[in-house]
Amino acid sequence: MFKYLSLIKPAAILLSASLLTFSPNANAELKPCNGVGEYIMSDFENPETAKQRAKSRAEQDAKDQAGVFLRSFSRMENFRLTDNEITTITNNITDIIGEIEYVSETFQVGNSFGVKYTARLTANVDTDGIAAWLKRNEQEKQRLIEQEEELHRAARENDARIEELNRQYAEETSASARNKIKREIERLDNNFLAIQKLQEGNRLFYSGKLYDALDFCNQALTLNPKYMSAYNNRGSIYDALGDHRSAIKDYEQAIKLAPSAANVYSNIGASYEDLQDYARAIKYFDKAIKIDPTYAAAYSNRGTVYDRLGEFQKSLADYNKTLELNPDDDTAYNNRALAYANMKQYQRAIEDHDKAISLNPGNSNAYNSRGSTYDSMGETERALEDFRRAIELDPKNVNAYTNRGVLYSRLKDYKRAIEDYNHVIVLDPSCVPAYNNRGYAQSALKNYAQAIEDFSHAIRLDPNDAAAYNNRAYIRNALKDYVGALEDYNAAIKLRPNDATAYANRALNYANMGKDELAVSDYTKALQLNPSNATNYTGRGLSYIALKEYSKAMSDFDKAIELDPEIAEAYVGRAICWKNLGDIDKAKIDLAKAKQLGYGA
């Protein structure tokens with residue numbers, strides 16, 4: 001049998017979601033909001049920048065109105081949203097419609113002339129944006145809220161400072177002092193434009209347009225090369241694109257500019273976690289916690305690393321701390337459930353899964369995780385229902401398709417398994433496990449050509465995937481392509497020199513080639529690595545028979561039967577030994593036992 005059909009447990013994800021059962025499009029409403037903004041430009045300022053400032057104020061006016069509307073709508077629909085959530089949703093889903101109207105008016109103040117720009121615009125806010133927000137997980141929402149808060153803090157500070165400098169400029173009579181103020185205003189104008197670029201980048205990131213978001217972050221950093229938030233946000237985009245090393249470089253640059261930013265240290269830790277460099281990940285989560293002991297995301301993220309390292313008590317402690325700091329963090333409940341499941345404390349796991357789903361019925365990952373736990377408990381129907389619900393909520397949930405496919409395969413419903421793996425491959429054409437698992441299902445249906453192609457594709461995607469070599473070799477062996485199988489087993493063993501299965505499979509291949517001495521050597525290695533495998537004792541015993549070493553063969557069959565009294569082939573092999581050693585009666589007894597166990601049926 002193949003040895004690569006692993007259930008892909010949903011990784012304790014760095015994201016999490018929300019609250020009540022709802023129909024995403026129920027009672028959806030599109031609300032237009034009119035915004036007006038004014039900015040008084042000094043006589044030396046850039047008119048285009050002044051117009052942008054007026055536009056920014058008009059946008060904020062429209063967003064403030066949209067926020068009031070969304071807050072009222074969310075209360076009416078009984079959505080539990082904080083003010084920070086409302087602000088983040090509003091600022092990212094309010095879209096300007098039509099043309100922006102600009103009006104300019106020149107006037108004199110003291111010795112200076114100024115121009116007042118007025119911007120008028122209309123923006124729409126769609127209440128469906130709330131439904132989309134509620135599907136996000138808690139930590140993802142927290143990261144978006146942090147980005148939005150930092151963006152608006154910078155904008156407010158810039159706006160207040162520019163107003164103060166314009167006032168000082170109007171009152172100042174010294175030419176040198178005025179020039180100094182002008183230079184500071186020019187710097188602030190550049191920073192303002194950088195903030196605008198980053199704001200648009202955040203909106204694009206929010207909507208999943210990652211490459212466009214990356215371009216706006218680059219523009220922000222061109223305008224202000226010391227913009228910490230732009231480095232941090234660009235790092236988040238690189239992480240979302242899977243380019244974790246570029247993300248780390250940006251986060252490190254952000255740390256140089258803001259050494260006490262706990263969230264950035266946590267982001268670096270998350271990137272190292274994705275790179276499977278768990279020691280460094282823990283190091284950075286520790287730093288984040290040291291800087292801010294109340295930063296819940298760092299505890300949650302560190303918990304996922306401890307999970308992956310099998311240190312479940314430590315992961316439980318971190319998830320408990322996360323929930324102490326944020327009792328509504330559905331991801332922490334879901335991740336703690338996974339830790340309990342790994343410890344085989346399934347009832348506790350189910351309780352936490354249920355809590356996560358009650359907090360966020362729209363979170364596909366929570367259903368997928370609970371489905372995995374039900375599967376581990378042997379509750380197949382419940383597992384299938386949860387995987388179905390996960391896919392219904394998120395038709396792009398690769399893990400749910402994969403987990404259901406694995407379950408179907410284990411139920412020998414290989415056609416449905418293949419359908420699920422097909423979905424995975426459409427969604428993620430570079431998913432190596434999907435090709436391996438589909439190859440397994442194809443082989444079970446005796447579609448050997450398709451199976452070999454799937455395993456070969458897995459190898460092309462990842463030449464270091466020992467399982468794919470092992471699985472392709474198994475098919476080649478079945479097709480009597482022993483030379484091709486041997487090449488693949490050699491590759492698998494080179495990649496995993498301590499894999500007992502690969503040695504045992506190569507041993508069988510050697511036996512099929514008539515090279516029983518080499519087969520005995522490989523079975524011996526496999527048994528050194530896994531001394532309790534009855535099948536391998538049986539295999540080595542059969543090779544000893546081929547070499548006419550009946551006493552050694554007898555010893556192996558005795559050991560195989562001791563380990564597994566139901567292994568029919570061992571009785572057959574021992575019967576052959578008894579016959580060759582001249583004890584026909586004992587041979588008949590073992591052969592009868594083998595037939596009783598189904599041999600030859």
Side-chain angles (χ1 to χ4, degrees), residues 7-28 77-80 89 93 126-141 207-208 330-331 333-335 337-338 341 349-411 413-429 431 433-434 437-438 441:
L7 184 67
I8 298 178
K9 297 278 185 182
I13 303 173
L14 305 178
L15 315 172
S16 167
S18 188
L19 307 161
L20 301 172
T21 303
F22 60 92
S23 174
N25 294 310
N27 304 318
E77 295 294 320
N78 200 28
F79 296 142
R80 292 180 294 161
I89 296 167
I93 68 169
D126 189 343
T127 57
D128 268 354
I130 293 178
W133 176 262
L134 291 175
K135 290 183 179 181
R136 296 178 185 268
N137 59 62
E138 192 65 27
Q139 291 174 29
E140 181 184 12
K141 289 190 288 188
S207 62
D330 56 297
T331 291
Y333 279 108
N334 200 46
N335 289 349
L338 291 172
I350 292 298
E351 289 171 4
D352 272 355
H353 286 311
D354 290 347
K355 180 65 174 178
I357 289 169
S358 72
L359 287 168
N360 180 13
N363 188 348
S364 172
N365 287 317
Y367 283 97
N368 178 50
S369 299
R370 191 175 68 179
S372 292
T373 299
Y374 277 134
D375 186 24
S376 297
M377 296 168 71
E379 298 197 29
T380 301
E381 292 304 318
R382 284 185 168 183
L384 287 173
E385 173 56 25
D386 271 349
F387 294 143
R388 184 201 65 77
R389 179 62 175 152
I391 291 166
E392 180 181 61
L393 287 167
D394 180 7
K396 295 182 179 181
N397 191 325
V398 167
N399 281 341
Y401 282 114
T402 301
N403 289 347
R404 190 173 68 178
V406 170
L407 180 51
Y408 277 140
S409 199
R410 201 165 61 250
L411 294 170
D413 191 346
Y414 298 114
K415 290 183 178 179
R416 283 186 175 176
I418 288 169
E419 288 176 6
D420 276 344
Y421 297 138
N422 289 343
H423 280 294
V424 174
I425 289 166
V426 168
L427 292 167
D428 183 2
C431 183
N437 289 345
R438 190 173 70 178

Gap separating the [atom1] atom of [X] from the [atom2] atom of [Y], nearest 0.5 angstrom:
X      : Y      : atom1 : atom2 : answer
Tyr367 : Tyr374 : OH    : OH    : 11.0 Å
Glu381 : Asp386 : CD    : CG    : 12.0 Å
Asn334 : Asp354 : CG    : CG    : 10.5 Å
Glu419 : Tyr401 : CD    : OH    : 11.0 Å
Ser364 : Ile391 : OG    : CD1   : 8.0 Å
Asn368 : Thr373 : CG    : OG1   : 9.5 Å

Side chain to side chain, [X] and [Y], heavy atoms closer than 4.5 Å:
X      : Y      : result
Ile418 : Tyr408 : no
Ile350 : Met377 : yes
Arg404 : Arg416 : no

Problem set entry | Worked verdict on Asp330 versus Asn363 for side chain to side chain donor-acceptor pair (under 3.5 Å) | CA-CA 9 Å; Asp330 56 297; Asn363 188 348; 3.1 Å; yes
For this session: Using a strict cut-off of less than 4.0 Å between a Lys/Arg side-chain nitrogen and an Asp/Glu carboxylate oxygen, indicate whether Glu385 and Arg382 qualify as a salt bridge.
Result: no
Exercise. Taking all non-hydrogen atoms of both residues, which atom of His353 and which atom of Ala366 are closest, and how far apart?
Worked result: ND1-O, 4.3 Å
Problem set entry | Worked check of side chain to side chain contact (heavy atoms under 4.5 Å, CB included) between Thr380 and Leu411 | CA-CA 9 Å; Thr380 301; Leu411 294 170; 3.7 Å; yes
Exercise. For Asn365 and Asn399, does a side-chain donor sit closer than 3.5 Å to a side-chain acceptor?
Worked result: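 Side-chain D/A pair, Asn365 to Asn399: absent.
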